[in-house]
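Some notes on the structure that comes next.
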Amino acid sequence: MTDLPTLVFATQNQGKLEELKGLIAHKVHLVSLNELNFDEDIAETTGTLEGNAHQKASTIYKQFGKPCFSDDSGLFVNGLNGAPGVDSAHYSGSRDNEKNIALLLSNLSHFKDRSAYFKTVFCLIAHDNTYYFEGIIKGSIADRPRGNNGFGYDPIFIPEGYDQTFGELDKEIKKSLSHRARATQSLIEFLQKTDL
Ligand code: IMP
């Protein structure tokens, strides 16, 4: 048993859960949806990262009444008016990364401006208060996929200050500067100074 306050991470993604556990285990007892025996798909239908993160966190908060947070991320390409954005996971109509990347490169092919950014939003609900934390990494879109590291759009995203894509860069570099890392840092700083 632990005396630490319980915090639910409303994600089905075991990798994300383990990553966060390593970072905040001293402050909260992080609980997964698995541990709550919750295996339903939660809707993500609001059209924004903030809305979707809130939708997931509030579904779990209402059901279990425990402090809870959720995340949502996406790639925003400025020349494409922010697409794929909140639709990043299924931009081409499927969850196939190669198809999503091919569609993005084709849609962007006539644009000079290849600037883009990844963004993560965390929504935390505790004692009926709602808090948001975000992390952004700016960069640009490569003209073709390069490298096999990471997932999603990593092979075409070149972070600002680097020449290589996230697909080519060392995993530790991405881990230290990614949108997710930055949002996580804000959440952790909040948890350090707040009693749940
Ligand atoms: P999620 O909300 O973290 O599941 O991210 C939604 C989608 O955004 C993913 O399925 C990916 O297509 C894309 N995405 C989010 N973060 C990253 C990243 O760090 N690298 C590449 N693609 C990402």
Side-chain angles (χ1 to χ4, degrees), residues 9-20 23 32-33 40-60 68-78 80 82-108 114-124 132-142 144-162 164-187:
F9 187 6
T11 183
Q12 312 279 11
N13 184 323
Q14 205 58 25
K16 286 182 186 174
L17 182 87
E18 292 307 326
E19 199 175 291
L20 267 248
L23 294 166
S32 69
L33 293 183
E40 295 161 35
D41 271 339
I42 308 176
E44 295 181 58
T45 52
T46 69
T48 63
L49 298 184
E50 289 78 6
N52 284 355
H54 182 263
Q55 201 171 18
K56 290 184 275 186
S58 65
T59 301
I60 298 303
C68 169
F69 72 97
S70 179
D71 73 324
D72 204 26
S73 305
L75 173 66
F76 295 76
V77 180
N78 295 318
L80 302 178
V86 71
D87 297 321
S88 292
H90 40 77
Y91 185 42
S92 64
S94 84
R95 287 186 168 265
D96 184 319
N97 285 331
E98 278 181 29
K99 285 188 186 158
N100 289 338
I101 285 178
L103 178 63
L104 195 156
L105 290 179
S106 146
N107 287 345
L108 196 61
R114 300 184 72 87
S115 64
Y117 61 95
F118 275 116
K119 179 174 170 181
T120 292
V121 172
F122 281 114
C123 175
L124 166 70
Y132 292 93
F133 308 91
E134 68 171 50
I136 284 178
I137 169 90
K138 290 185 185 169
S140 61
I141 301 298
R144 62 181 174 82
R146 298 192 325 235
N148 298 315
N149 286 340
F151 70 101
Y153 298 91
D154 281 344
I156 57 166
F157 184 81
I158 305 169
E160 224 169 57
Y162 293 82
Q164 292 172 297
T165 66
F166 267 162
E168 295 172 306
L169 283 167
D170 192 278
K171 285 178 191 162
E172 289 305 312
I173 295 181
K174 180 185 173 192
K175 223 167 147 183
S176 69
L177 50 84
S178 80
H179 47 308
R180 201 166 295 102
R182 289 173 178 177
T184 302
Q185 201 46 45
S186 303
L187 173 67

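The residues of the chain are indexed from 1 along the displayed sequence. Counting convention: from 1, in listed order, for ligands and their atoms alike.
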Does even one non-hydrogen atom of L75 get within less than 4.0 Å of ligand 1? no
Could you check whether any heavy atom of H90 sits closer than 4.0 Å to an atom of ligand 1, since that is the contact criterion I want to use? no
Worked check of side-chain contact (heavy atoms from CB on, under 4.5 Å) between F166 and I158: CA-CA 6 Å; F166 267 162; I158 305 169; over 6 Å; no
Location of contacts on F157 toward ligand 1, heavy atoms closer than 4.0 Å: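 F157 to ligand 1: no contact under 4.0 Å from either part.
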Report the part of R95 in contact with ligand 1, treating N, CA, C, O as backbone and CB onward as side chain, heavy atoms under 4.0 Å; options are side chain, backbone, both, neither. neither
To check you understand the geometry: which heavy-atom pair defines the closest contact between [X] and [Y], and what is its length?
X: T59; Y: I42; result: OG1-CG2, 3.6 Å
X: V121; Y: A53; result: O-CB, 4.0 Å
X: D154; Y: K174; result: OD2-NZ, 2.9 Å

If the threshold is 4.0 Å, N to carboxylate O, is there a salt bridge linking E50 and K119?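 K119 and E50: salt-bridged.
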Would you say the ring centroid of Y132 lies under 6.0 angstrom from that of F122? no
To atom 18 (C) of ligand 1, the nearest of F151, Y153, Y91, F166 on a heavy-atom basis is F151
From the options S70, S88, G85, select the one whose nearest heavy atom is closest to atom 13 (C) of ligand 1.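 When every heavy atom of S70, S88, G85 is considered, S88 comes closest to atom 13 (C) of ligand 1.
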Which ligand 1 atoms are under 4.0 Å away from a heavy-atom of D72?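 Ligand 1 atoms under the 4.0 Å threshold to D72: 2 (O).
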Sub-4.0 Å atoms of ligand 1 with respect to non-hydrogen atoms of G152: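 With G152 as reference, the close atoms of ligand 1 come out as 21 (C), 22 (N).
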If you draw a 6.0 Å radius around NZ in K138, do more than 12 non-hydrogen atoms from other residues or ligands fall strictly inside? no
Minimum-distance protein heavy atom relative to [atom]:
atom: atom 23 (C) of ligand 1; answer: F118 CE2, 3.5 Å
atom: atom 20 (N) of ligand 1; answer: D154 OD1, 2.7 Å
atom: atom 16 (N) of ligand 1; answer: R180 NH2, 2.8 Å
atom: atom 2 (O) of ligand 1; answer: S73 N, 2.9 Å

Quick one, Y91 with N107, criterion side-chain hydrogen bond (donor to acceptor under 3.5 Å, both in side chains). Give me CA distance, side-chain angles, the key distance, then yes/no. CA-CA 11 Å; Y91 185 42; N107 287 345; 2.9 Å; yes
Interatomic distance, N100 atom CG to L75 atom CG [nearest 0.5 angstrom]: 10.5 Å
Using a plain distance cutoff, I'd like to know if K174 has any nitrogen or oxygen under 3.5 Å from a nitrogen or oxygen of ligand 1. yes
Using a plain distance cutoff, I'd like to know if K16 has any nitrogen or oxygen under 3.5 Å from a nitrogen or oxygen of ligand 1.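 K16 vs ligand 1: N/O contact under 3.5 Å present.
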